[in-house]
Amino acid sequence: MDISPRLEQLALLVPNGSIIADIGTDHAILPIYLVEKGFVPRAIAGEINEKPYRLAWQRVQEKGMEAFIQVRKGNGLQILRPGEVNVAIIAGMGGRNIIDILGDYPDVTDSISRFILQPMSESGMLRLLLSRHYFNIVDEALVKDKGHMYEVIVAGHGLEPDSGETLISLGPKLVADRHPLLYEHLDVLILRQRAILAQMEKMASPSTNNWKRMRRLKTYLKQLEAIRECL
C-alpha cells in the first residue's frame, strides 16, 4: 500500500510494536499501513465526522483487518480508555486544536507515552504550549509533500529545557539535528515575517497599538536570521 510522504513520515516516527490511536483518521490510511507492514500489532482509528468514519470502517473491512483495527466514532481522545494505547497520532489539525484535544481528557493523555503531532498551522505556538504544559519535545521532522512543507513534532511527558521561546517555537530538535530541510524552512519563515512586518510598517505609527507587536516581530525576525546564519 502506497501512502503520501507526509503519512510515511508519521509512520517512521512510530516505535515498532506500539499500540496506536490515529485521531482524526479520515480514511484510516495510516493505521492500515502500519498494521499491514507489521509495524504495529493493533490500532484504533478515531473519527468524529460520519462520512469519513463510515469510509474508514469500510476500508478496514475491505482489508480484512477488523481483528487488528477498531474504528471508533468520537471527538479526539474521547474514543479511548486510559492505558488502551501508548502512542497517539494527531495530524492534519491546527496547533491550538491539538492542544485542546490533549487537555480534554487528561486521564487518557496522562496514560499515553508518545504523541506524534502534525499541525497544519500554528506549529510554533503548539511547541510553546506543549513546553508550558509539561510536555517535552523528543523528536521532530520536516517533510515536503506536493510542494508543501509539513512539520512533525513528537512529544512525551516531561520538562522541556528552557532554550528560549524562538528556538522552542522553531523546533529545538530540528535545529540541534540540523535537519536537511531546515534551511529551506527558515527561508520561508523569514520571508513570511518580513512581509508581515512590511505591511504593518505601512499601516502603523509609534502611537498605535501595533507598535509593541512590531517590536516583538522585529526581535523574532532577527533571531530567526541569526539561527539561519549559524547553520
Side-chain angles (χ1 to χ4, degrees), residues 1-47 49 52-53 55-65 68-72 76 79 85-95 97-98 101-102 112-124 126-127 130 135 137-156 170-189:
M1 178 183 181
D2 293 329
I3 60 173
S4 68
R6 178 179 72 91
L7 293 182
E8 185 176 18
Q9 179 61 71
L10 294 174
L12 288 171
L13 293 167
V14 176
N16 283 351
S18 301
I19 310 300
I20 69 115
D22 184 26
I23 305 301
T25 195
D26 198 21
H27 295 97
I29 294 172
L30 186 56
I32 290 171
Y33 175 83
L34 288 167
V35 171
E36 202 168 53
K37 294 292 185 181
F39 297 147
V40 305
R42 290 186 289 112
I44 297 170
E47 179 56 57
N49 296 308
Y53 163 75
L55 288 171
W57 178 240
Q58 182 181 336
R59 287 180 67 90
V60 170
Q61 286 183 311
E62 288 171 352
K63 291 284 185 177
M65 291 185 174
F68 309 103
I69 302 174
Q70 294 182 33
V71 182
R72 300 179 184 176
I79 65 166
V85 304
N86 59 319
V87 174
I89 301 166
I90 310 176
M93 305 177 194
N97 192 15
I98 290 173
I101 288 172
L102 294 177
I112 297 169
S113 59
R114 174 174 287 218
F115 302 87
I116 301 173
L117 313 172
Q118 186 269 296
M120 298 298 285
S121 62
E122 298 181 303
S123 55
L126 173 59
R127 288 187 183 91
L130 287 170
F135 291 96
I137 298 169
V138 298
D139 203 355
E140 294 180 289
L142 294 168
V143 58
K144 285 188 77 172
D145 192 343
K146 296 180 180 177
H148 186 82
M149 189 80 76
Y150 293 95
E151 299 176 63
V152 184
I153 304 162
V154 183
L170 176 60
K173 297 297 182 184
L174 296 177
V175 176
D177 297 340
R178 283 178 159 77
H179 192 283
L181 291 174
L182 179 58
Y183 200 92
E184 181 180 347
H185 179 54
L186 269 167
D187 276 347
V188 172
L189 286 177

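Count residues from 1 along the sequence.
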Asn86 side-chain N/O to Ile19 backbone N/O, donor-acceptor pair under 3.5 Å: yes
Compare all side-chain heavy atoms of Phe135 with those of Leu102 and state whether any distance is below 4.5 angstrom.
yes
The test is side chain to side chain contact (heavy atoms under 4.5 Å, CB included); show your working for Tyr183 and Arg178 and say whether it passes. CA-CA 8 Å; Tyr183 200 92; Arg178 283 178 159 77; over 6 Å; no
In terms of heavy-atom contacts, Ser4 and Asp145 come closest through CB-OD2, 3.3 Å
Evaluate Leu30 against Ile20 for side chain to side chain contact (heavy atoms under 4.5 Å, CB included), listing each step before the verdict. CA-CA 10 Å; Leu30 186 56; Ile20 69 115; 5.8 Å; no
message: I'd like to know if the side chain of Asp22 and the backbone of Pro31 have a donor-acceptor N/O pair within less than 3.5 Å.
response: no
- Looking only at atom types and distance, does a side-chain atom of Ser18 sit under 3.5 Å from a main-chain N or O of Val40, one as donor and one as acceptor? no
Examine distances only and state if a side-chain atom of His185 and a backbone atom of Leu142 form a donor-acceptor pair shorter than 3.5 Å. no
Check against side chain to side chain contact (heavy atoms under 4.5 Å, CB included), Tyr33 and Leu7: CA-CA 9 Å; Tyr33 175 83; Leu7 293 182; over 6 Å; no
d(Leu186 CG, His179 NE2) to nearest 0.5 Å is 12.5 Å
_Side chains of Leu10 and Val143, heavy atoms from C-beta outward: is any pair under 4.5 Å?_
no
In short, Pro15 meets Val87 closest at the heavy-atom pair CD-CG2, 4.2 Å
Correct closest heavy-atom pair for Arg6 and Ala91 would be NH1-CB, 4.0 Å
Ala43 and Val35 have their tightest heavy-atom pair at CB-CG2, 4.3 Å
TODO: Flag yes if more than 12 heavy atoms outside Arg72 fall under 6.0 Å of its CZ atom; otherwise flag no.
DONE: yes
Residues Ile23 and Met93: closest non-hydrogen pair is O-CE, 3.6 Å
Quiz item: Counting only N and O atoms by type, is there a donor-acceptor contact under 3.5 Å from the side chain of Arg114 to the main-chain atoms of Leu13?
Solution: yes
To the nearest 0.5 Å, atom CG of Asp2 lies from atom CD1 of Ile29 at 11.0 Å
Check: Does any non-hydrogen side-chain atom of Leu181 lie less than 4.5 Å from one of Lys144?
Finding: yes
What one should report as the nearest heavy-atom pair of Gly171 and Arg127 is CA-NE, 3.4 Å
Here the gap from Thr25 atom OG1 to Tyr53 atom OH, rounded to the nearest 0.5 Å, amounts to 12.0 Å
Treating Glu140 as the side-chain partner and Ile153 as the backbone partner, does any N or O pair qualify as donor plus acceptor under 3.5 Å?
no
Handout entry: Stepwise side chain to side chain contact (heavy atoms under 4.5 Å, CB included) check, Val14 with Phe39
Key = CA-CA 8 Å; Val14 176; Phe39 297 147; 5.9 Å; no
